Protein chains: 2
Amino acid sequence: MTVQAKTRPSPAHEAQKFFFELGMVQRTKVGARLAELGLSFSQAHALRILDPDEPMPMSALAERLFCDASNVTGIADRLEVRGLVRRQSLEGDRRVKALTITPSGMKLREQVMELMSQPPDAIAALSEADQRALRDILARAAAHLRPAD
Amino acid sequence: MTVQAKTRPSPAHEAQKFFFELGMVQRTKVGARLAELGLSFSQAHALRILDPDEPMPMSALAERLFCDASNVTGIADRLEVRGLVRRQSLEGDRRVKALTITPSGMKLREQVMELMSQPPDAIAALSEADQRALRDILARAAAHLRPAD
DNA sequence: GTAGTTATTTGACAACCTCAAGCATTTGGG
DNA sequence: CCCAAATGCTTGAGGTTGTCAAATAACTAC
């Protein structure tokens with residue numbers, strides 16, 4: 001139990017506190033708006049990830065959702081029942097089922113994109129300069145994301 | 001279907017994309033670490049919110065968790081079964097039950113705090129200058145949070 | 001063609017979450 | 001004082017998310 005090691009929290013540590021708080025609030029708000037559309041957060045996120053032009057295998061979706069493949073079955077089921085998505089066996093490999101967005105799914109997807117790409121009020125309220133700086137810094141951080149795979 | 005209206009996304013809109021992505025990745029990572037401690041995300045978050053020195057009424061916790069009071073019953077149950085938390089009827093008003101963290105709950109809480117206050121790798125990898133700027137900007141944003149209530 | 005791999009599904013189980021209803025306690029008006 | 005309304009928590013029903021292990025179907029390689 002040395003006394004050191006907590007000598008100085010890095011600025012990143014301090015930033016994390018705000019980052020987390022903003023994230024929680026935003027998630028709650030967005031969740032409420034999504035509920036009005038009859039969508040859960042996961043369903044909306046899935047809809048967002050799906051490429052309107054390219055059918056996506058369920059396993060690929062599972063990877064993007066950071067969850068088990070068996071979980072995607074249920075999510076796809078519920079989206080499919082509502083006619084937002086269709087399962088389509090891949091020609092060439094009939095094991096894999098790719099998901100396609102239906103026209104009505106596309107309409108809902110638009111709204112979801114609009115909704116979820118909206119920044120938290122607290123961030124929208126920042127000055128232009130702050131917003132730009134924030135965007136640039138987060139862009140640099142996100143760039144660190146891919147190589148880290 | 002006019003063409004305008006999407007003329008120029010604000011920097012905040014662009015920032016949101018990275019913000020969301022970083023948040024998702026972090027949530028997944030933290031979730032995995034928490035699972036090793038036998039805690040769900042909600043349980044950990046609750047443990048974090050509870051004040052070690054001051055018993056907190058369950059309704060207050062519900063508010064901080066942005067969820068229904070009936071939901072807190074279950075979360076508190078599971079924490080209490082593991083001896084991390086105790087229900088304590090408030091003297092003066094026996095309706096309200098306040099949650100206290102037990103010593104063993106405190107030990108776990110320390111680890112949770114440590115774990116969840118750790119910034120995403122992508123942010124920790126930023127330059128000192130970027131980290132500082134990020135912290136300051138997010139602090140300004142978070143300040144906008146409280147008055148907005 | 002047979003054995004092993006791969007993609008999805010199913011079933012069992014647990015947590016989270018909401019809503020409506022119920023219970024105990026407290027508060028306020030007659 | 002007493003009863004009605006309000007408050008804080010719990011319970012029960014019902015739905016979504018999530019995991020794991022086992023089952024199924026289809027592909028691949030020897």
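Chain identifiers are assigned alphabetically (A, B, ...) following the order of the sequence lines, protein sequences preceding nucleic acid strands; residue numbering begins at 1 within each chain. On a predicted model such as this, the values are computed, not experimentally measured, just so you know.
In terms of the side-chain hydrogen bond (donor to acceptor under 3.5 Å, both in side chains) criterion, A:R109 has no residue partners (sequence neighbours excluded). Every residue two or more places apart in sequence or in another chain was checked for a salt bridge (charged side-chain N to carboxylate O under 4.0 Å, His left out) with B:R27, and none qualifies. Remark: A:D77 engages A:R87 in a salt bridge (charged side-chain N to carboxylate O under 4.0 Å, His left out) (not counting sequence neighbours). For A:D68, there are no salt bridge (charged side-chain N to carboxylate O under 4.0 Å, His left out) partners, not counting sequence neighbours.
Screening residues 32-51 of chain A for ring pair (Phe, Tyr, Trp, His ring centres under 6.0 Å), with sequence neighbours left out, gives A:H45-B:F20. Within the structure, every pair that satisfies the salt bridge (charged side-chain N to carboxylate O under 4.0 Å, His left out) test and touches residues 113-123 of chain B, not counting sequence neighbours, is listed here: B:K29-B:D121.
Cluster partners of B:V96, using a side-chain heavy-atom cutoff of under 4.5 Å among ILVMFWY residues and allowing indirect links, are B:L90.
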If a protein heavy atom is under 4.0 Å from the base, mark B; if only from the sugar-phosphate, S; if neither, -; do that for nucleotides 14-20 of chain D going 5' to 3'. --SBBBB
Could you run down nucleotides 24-30 of chain D 5' to 3' and tag each one B, S or - for protein heavy-atom contact under 4.0 Å? --BS---
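Once you apply a 4.0 Å limit to the heavy atoms of chain A, the touched nucleotides of DNA chain C run 5' to 3' over C:dT6 to C:dT10.
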Could I get a table of every N or O pair under 3.5 Å where one atom is in the protein and the other is in nucleotides 3-5 of chain D?
none

For residues 47-63 of chain B, which side-chain N or O atoms pair as donor and acceptor with protein atoms under 3.5 Å away, sequence neighbours left out?
{"from": "B:D51", "atom 1": "OD1", "to": "B:D53", "atom 2": "N", "distance (Å)": "2.8"}

Could you please spell out the steps behind the side chain to side chain donor-acceptor pair (under 3.5 Å) verdict for A:Q88 and A:T100? CA-CA 7 Å; A:Q88 192 179 339; A:T100 326; 2.7 Å; yes
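Residue contacts for B:T73: at a heavy-atom cut-off of 4.0 Å it reaches a base atom on one of the strands shown.
The hydrophobic cluster containing A:M113 does not contain A:L65, counting ILVMFWY residues as joined when their side-chain heavy atoms lie under 4.5 angstrom apart, directly or transitively.
Annotation: the span from B:L84 atom CG to B:Q43 atom CD amounts to 8.5 Å, rounded to 0.5 Å.
The heavy-atom pair separating A:S117 from B:Q16 by the smallest distance is O-CG, 3.4 Å.
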